[in-house]
Amino acid sequence: MTAVTSIEEAATLNSQLASLDLAGRLSLVAGLGGRAVFTTSLGIEDQVITAEIGNHRLPIEVATLQTGRLFPETLALIDETESQYDIRIIRYEPEQADIDAYAEKYGLNGFYESVEARHACCGVRKLKPLARALSGATIWITGLRRGQSANRADTPFAEFDPERNLIKINPLADWDIDVIRAYVADNSVPVNPLHARGYPSIGCEPCTRAIKPGEPERAGRWWWENDEKRECGLHVHEEAAVTAQ
């Protein structure tokens, strides 16, 4: 798959996916060939995608980044989800040598002290494991939604990721949180109990808090930083070749 072909495919896919429901979107992607990987954080939107993959037995790998700092509730949900949908969620963990090197340079919780240190921690615990999860993949499926934050307001259904040389699919891009919750209720999808305690977006335990009334969904992530567009780096790159909406 060449870069030019990928960009063209992303543009075509973006248009095709827009007119389909979620089952249709995932089925179309699953039938494209190559290795498709869905990375889940076990958040409510990701659980919807996992339910569709499991219920329809789609040939899509399901993977999660087990950072070593996740909430106990998140870890328990991994096991519960595997059992309910009879699927395997592949865990990708950080290398101990990388964690040790980070702790020596910044301190184990040095991410509170500077943006540089926080990005370095995300690099060790998320980005490097993600690289292993996506190695050899041609399609990366995510739970990104436009309503999650201002930084994600223009999320397309399909885009070319030039850094990883693959097609990135966001099948829930146009779903709002009310539609997500209705799907979960109607289909008995297991969700993280932290959602009911004011955590709409759940990451590593030291870096996530409950949000206050009126705050955006992702306001509880890295709350001590001032940049409203803060991200961990999984879905941000310097030169994004994004398809037209």
Side-chain angles (χ1 to χ4, degrees), residues 22 26 36-54 60-82 84-85 87-94 111 118-119 121-134 137 139-149 151-152 155 161 164 168-173 175-177 180-181 183-184 189-211 216-223 230-237:
L22 179 59
L26 290 173
V37 178
F38 167 50
T39 54
T40 174
S41 66
L42 285 296
I44 190 170
E45 47 273 298
D46 288 345
Q47 288 296 91
V48 168
I49 296 175
T50 299
E52 287 288 313
I53 292 173
I60 296 171
E61 292 182 26
V62 182
T64 193
L65 307 180
Q66 195 160 317
T67 65
R69 304 299 296 268
L70 299 180
F71 285 89
E73 291 88 343
T74 303
L75 297 175
L77 185 57
I78 295 175
D79 296 332
E80 181 183 357
T81 303
E82 286 184 319
Q84 175 151 332
Y85 298 108
I87 61 172
R88 180 190 177 203
I89 299 177
I90 306 171
R91 284 82 153 165
Y92 288 89
E93 300 178 354
F111 42 81
R118 200 268 291 172
H119 280 295
C121 187
C122 289
V124 166
R125 295 185 182 274
K126 291 186 174 182
L127 294 181
K128 293 186 73 172
L130 177 68
R132 298 202 308 274
L134 296 180
I139 297 169
W140 175 23
I141 301 169
T142 86
L144 293 183
R145 295 187 297 106
R146 296 167 188 160
Q148 289 170 328
S149 69
N151 199 40
R152 299 180 177 183
T155 298
D161 186 325
R164 301 178 178 93
K168 184 176 178 182
I169 303 294
N170 310 303
L172 294 179
W175 281 43
D176 63 33
I177 190 60
I180 294 280
R181 289 169 178 159
Y183 178 100
V184 165
V189 177
V191 297
N192 197 317
L194 291 173
H195 288 313
R197 303 176 203 161
Y199 291 79
S201 179
I202 304 168
C204 291
E205 186 170 11
C207 299
T208 309
R209 65 158 172 80
I211 66 170
E217 288 184 30
R218 290 178 60 82
R221 305 292 294 277
W222 313 292
W223 70 92
R230 56 189 180 271
E231 294 273 357
C232 63
L234 294 182
H235 304 292
V236 177
H237 44 75

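Within the 4.5 Å cutoff, side-chain heavy atoms of I177 are placed close to those of I44. Here the side chains of Y85 and V62 are not in contact, with every heavy-atom distance at 4.5 Å or above. Looking at L172 and I49, their side chains come closer than 4.5 Å, going by heavy atoms from C-beta outward.
Listed by chain and number, the residues in a side-chain contact (heavy atoms from CB on, under 4.5 Å) with Q84 are P190 (sequence neighbours excluded). Under the side-chain hydrogen bond (donor to acceptor under 3.5 Å, both in side chains) criterion, E82 pairs with R91, sequence neighbours left out. Scanning for side-chain hydrogen bond (donor to acceptor under 3.5 Å, both in side chains) contacts around S41 gives D46, with sequence neighbours left out. Residues that satisfy the side-chain hydrogen bond (donor to acceptor under 3.5 Å, both in side chains) test with T81, not counting sequence neighbours, are Q47. The salt bridge (Lys or Arg N to Asp or Glu O under 4.0 Å) check on E52 picks up nothing, with sequence neighbours excluded. Take R181 and apply the side-chain hydrogen bond (donor to acceptor under 3.5 Å, both in side chains) test, not counting sequence neighbours, and it matches no residue.
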Let me have the donor-acceptor pairs involving side chains of residues 68-75, under 3.5 Å, with sequence neighbours excluded, atom names and distances please.
| residue | atom | partner | partner atom | Å |
| --- | --- | --- | --- | --- |
| R69 | NH1 | N109 | OD1 | 3.2 |
| R69 | NH2 | N109 | OD1 | 2.9 |
| E73 | OE2 | R197 | NH1 | 3.1 |
| T74 | OG1 | N192 | ND2 | 3.0 |

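The minimum heavy-atom distance between G220 and I211, with the atom names listed, is N-CG2, 3.5 Å. Between A51 and Y183, the shortest heavy-atom contact is CB-OH, 4.0 Å.
Here the CD1 atom belonging to I89 is positioned 12.0 Å from the OG1 atom belonging to T39, to the nearest 0.5 angstrom.
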